Structure formats: C-alpha cells, structure tokens
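Reading through the structure tokens given below for one structure.
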2 protein chains.
Amino acid sequence: MRADAKKNYDHLLVVASAVVAEQGADASLRDVARRAGVGLGTLYRHFPTREALLEALLRAGFDELAARAAELETSSSPEEALVSWLRDCVACAHEYRGVVALMVAAIEDTESALHASCVTMRAAATRLLARAQAAGMARTDIDGTDLFALIGALTWLGDQPSLAPRADHLFGVVASAILTDQARRSCAPRPQS
Amino acid sequence: MRADAKKNYDHLLVVASAVVAEQGADASLRDVARRAGVGLGTLYRHFPTREALLEALLRAGFDELAARAAELETSSSPEEALVSWLRDCVACAHEYRGVVALMVAAIEDTESALHASCVTMRAAATRLLARAQAAGMARTDIDGTDLFALIGALTWLGDQPSLAPRADHLFGVVASAILTDQARRSCAPRPQS
DNA sequence: ACCTGAACACCGTTCAAGT
DNA sequence: ACCTGAACACCGTTCAAGT
C-alpha cells in the first residue's frame, strides 16, 4: 500500500470508529468520508462494503475474544469459563449499536467480510460449551449456534435504550438457563427459584 | 371522516400490511403510497408517523393479546398461562419484522403512537407473572419489564433469518429460566439436567 | 376537508476523470 | 495506484397549490 493510501486508511478507521459509535451500524458512510476529509470513493476503495469497514473496526475485539476463549479453557472451571466468555462476547458486540444484527446475518453469508470472524466466534463458543457439557455443568440440548443466538439476543437487548438497564440482570437469567442445577449450585449469583 | 377519505384510509392499511410484511418495519412509506395509488401527503395525513401506521396495523393483534391474557388468567394454571401468553406475544410481534425495536422504544416514549399499547402489554405481562410468582411457579427476581425485554429479545431472534430456526427451541430455554423448579416439573417439555 | 406532488435535504453506490 | 466528486436512484418530510 502506498504511503498516502495507508494514511487515508488509518485515518478513516479512526473517524469511522467515532461515527459508528455515535450513529450505530447503519451510520452514514458519507458522513464518515466527509469527517475524514476524504472523497467518498476513497472510503469505498478501502472498504468496499459496510461489513468490511465494521470488520476492520471489530477485528481487535474479535482477536481478543478468541485469545480469551483459549485462555479460559485452561485457567477456569468449565462453567465459569463459559459464562465469563459469553459476557465478554456481549460486551464486544455491544461496542457498536446494531452491529450484532450484521454479525448474525454474516454467519450464513460466506460473502460477508464478517463471516470468518463470526464462524470463529461460534467455534469458540462450541468448544467452551462442550467442555461445560462434558463436566455436567451445561444443559446438553443446546449447541454453539444456540449460544451465538442468545449472545445476539442479549446484545440486542443492551442496544435498546429502554431495556439496557436490565441487560446485566437478564444476562444472569439467561446464563442460569444454560447451566445445570449442579453448575448453578457451584456458581456465581445465588440462584433463587 | 369523509367517505373518500375513509376509502383511502382503509386501502392504505391493506397495502401497508403487505408492504411492511415484505420489507419490515423500515419499509418505504413512499412505496406504500405508490402501491396504494395515493399521494404521499395523503399517507402522512392519515398516519403522521411511521409508528401511527404500525399501530393501526398491529391494533387487532394487541387487542387479541389483551383479551387472551384476561382469559388465560382464569382458564389455565399460572405457569401455563404465563408461558402460553409469552409465546403469543412473540408470535404477534414477529408478524412484522423489526417492529419489536419500535415497540420497546415506545414504552418509554409517551409521544409514540405505540406507547399505550405497549404499556398495556407490559401490564398484562406483570399480572400473569405476579400470579405465577404467587403460586411459586415463577422466579421472583424479575418483573414485567424484564418479561417485556425477554419477549423483545426472543422476537428479535426470530426476525433474524439465520437464527429463526432456533427461535422456538430458545423460547423454551428462556421460558425454563423464568419458571421455578416446581413449575418445570409440572410443565411442558421435559426439562433436562 | 381532503388530496397531490414538487421541493428539500439527505442516503448508498458507481464510475469517468484526474493526479 | 490512488483519489475525487458528480451522477443516479432512492429515501423521509413538508407544504403550497389545487379540488
């Protein structure tokens, strides 16, 4: 990449991060180019699709989640690893409002720039779930895709201003549904019933 | 309302129902007016906001849900009434893709045309929940707003093409989290774990 | 009263023309 | 190689002009 192109690319990412944080995943790309002081075509050259831009914005978070999954697999109990990682996933997807809808769409769209990352996420979820299931700590009638869906639903919930105050609490409710009685006894916030 | 106005109003609703079913809650209002063979201003005269149009489209379903809540309160066991009504809510909100986001936004926006209906829904949810809680059938650390949020999250899930096949299954998972052990023993699909 | 559609200010996306 | 911005086809929303 030529030096001037690299400079545009980097600056576009900085500006896009701010604009998408403000306006969400359906932010105006025109506005991004405008604020970056760059022609609209330049943005499209570097990021041919909205997904490509978001992928670049999210890549660091995705990589961190993948590393954290591997780490948790050896450092924590199966049930704690699973729940803790799910919480991190929700936090990551929540970074940009509305991006989770594109992520769940990407998992079945091999053309999407987000496809590979999302498939990797789901694979990590599947591994952590399998470990918890093998230990009798997670119900066995769900799979990685179900977890991915629940992460999406909980992220969506946190994206809605009127529901956001409940997001943490409801994360706990859903997490308790994933775990077995045995795990609930050994784990986190005292289960009631 | 003048006879010609009434005719336009009714026809707009029929056309809007089809267009919103196709395109979702962010359907093109221009397209609705165009397909109805009516000026754009006519649509705005009858439905000053998108919410007003959706409210008209959803009113029948809302009324039915309210009636069903009252009926279930006397005809079914507390846990069956609650779960069955929640299922109906999700089905109703799922009728038009994306409408659930406007519904959850409306619950805190007294200016929204959807506000009253959503507050009524939440009140019905609160009553059914309280009845189940009093019978020891539902966990007591959630309230009607939490239920409303979970309905929203499950509806969103069903709105996503890649997750829709899991929506029914995950409804069961979340429903099991709302019920107590006692209710799970007495209720529906055999709980595992 | 009610209807119409032009007008305005925005989009996303493409692509010929420039450097 | 890379950048620019006009061009095109869409939006939502308003409002003067018509009937």
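These numbers come from a predicted model, not from an experiment. Note on naming: letters A, B, ... go to the chains in the order of the sequence lines (proteins, then strands), and numbering restarts at 1 for each one.
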Which is the 5'-most and which the 3'-most nucleotide of DNA chain D that has an atom under 4.0 Å from a heavy atom of chain A? D:dA1 to D:dA7
Between CD of B:Glu55 and CG of B:Leu57, what distance do you get to the nearest 0.5 Å? 9.5 Å
Check this for me: B:Asp31, atom CG, are more than 12 non-hydrogen atoms of other residues, nucleotides or ligands nearer than 6.0 Å? yes
Is A:Glu73 salt-bridged to A:Arg131, going by a charged N under 4.0 Å from an acidic O? no
Kindly check if the number of other-residue, nucleotide or ligand heavy atoms within 6.0 Å of CG (A:Asp168) is above 12? no
Is the shortest distance from a Lys or Arg side-chain nitrogen in A:Glu64 or A:Arg68 to a carboxylate oxygen in the other one below 4.0 Å? no
Extract the stems that DNA chain D is part of, considering only consecutive pairing runs of at least three Watson-Crick or G-U wobble pairs, both distances under 3.5 Å. C:4-8 with D:12-16, C:12-16 with D:4-8
Quick check on contacts: within residues 39-54 of chain B, what sits under 4.0 Å from DNA chain C by heavy-atom distance? B:Gly39, B:Leu40, B:Gly41, B:Thr42, B:Arg45, B:His46
Among residues 5-22 of chain A, which ones have heavy-atom contacts with DNA chain D below 4.0 Å? A:Ala5, A:Asn8
To the nearest 0.5 angstrom, please state how far the CG atom of A:Leu163 sits from the OG1 atom of B:Thr145. 8.5 Å
Would you mind listing every ring-ring contact (aromatic ring centres under 6.0 Å, His included) that reaches into residues 15-47 of chain B, with sequence neighbours excluded? B:Tyr9-B:His46, B:Tyr9-B:Phe47
Ion pair B:Asp181/B:Arg185, N-O distance below 4.0 Å: no
Take B:Leu102 and B:Leu54, measure what side chain to side chain contact (heavy atoms under 4.5 Å, CB included) needs, and give me the verdict at the end. CA-CA 9 Å; B:Leu102 295 174; B:Leu54 290 170; 3.3 Å; yes
Salt bridge check: are A:Asp63 and A:Arg59 linked by an N-O gap of less than 4.0 Å? no
Rounded distance (nearest 0.5 Å) linking atom OG1 of A:Thr74 with atom CD of A:Glu71: 7.0 Å
Give B:Ala33 one of three labels, base, sugar-phosphate or nothing, depending on what nucleic acid heavy atoms sit under 4.0 Å from its own. nothing
Trace of the side chain to side chain donor-acceptor pair (under 3.5 Å) decision for B:Ser176 with A:Arg139: CA-CA 12 Å; B:Ser176 81; A:Arg139 56 197 293 164; 3.3 Å; yes
Name every residue in residues 101-110 of chain A that has at least one heavy atom under 4.0 Å from any atom of DNA chain D, in order of residue number, or write none if there are no such residues. none
Closer than 4.0 angstrom, basic N to acidic O: yes or no for B:Asp159 and B:Arg97? no
Give A:Ala3 one of three labels, base, sugar-phosphate or nothing, depending on what nucleic acid heavy atoms sit under 4.0 Å from its own. nothing
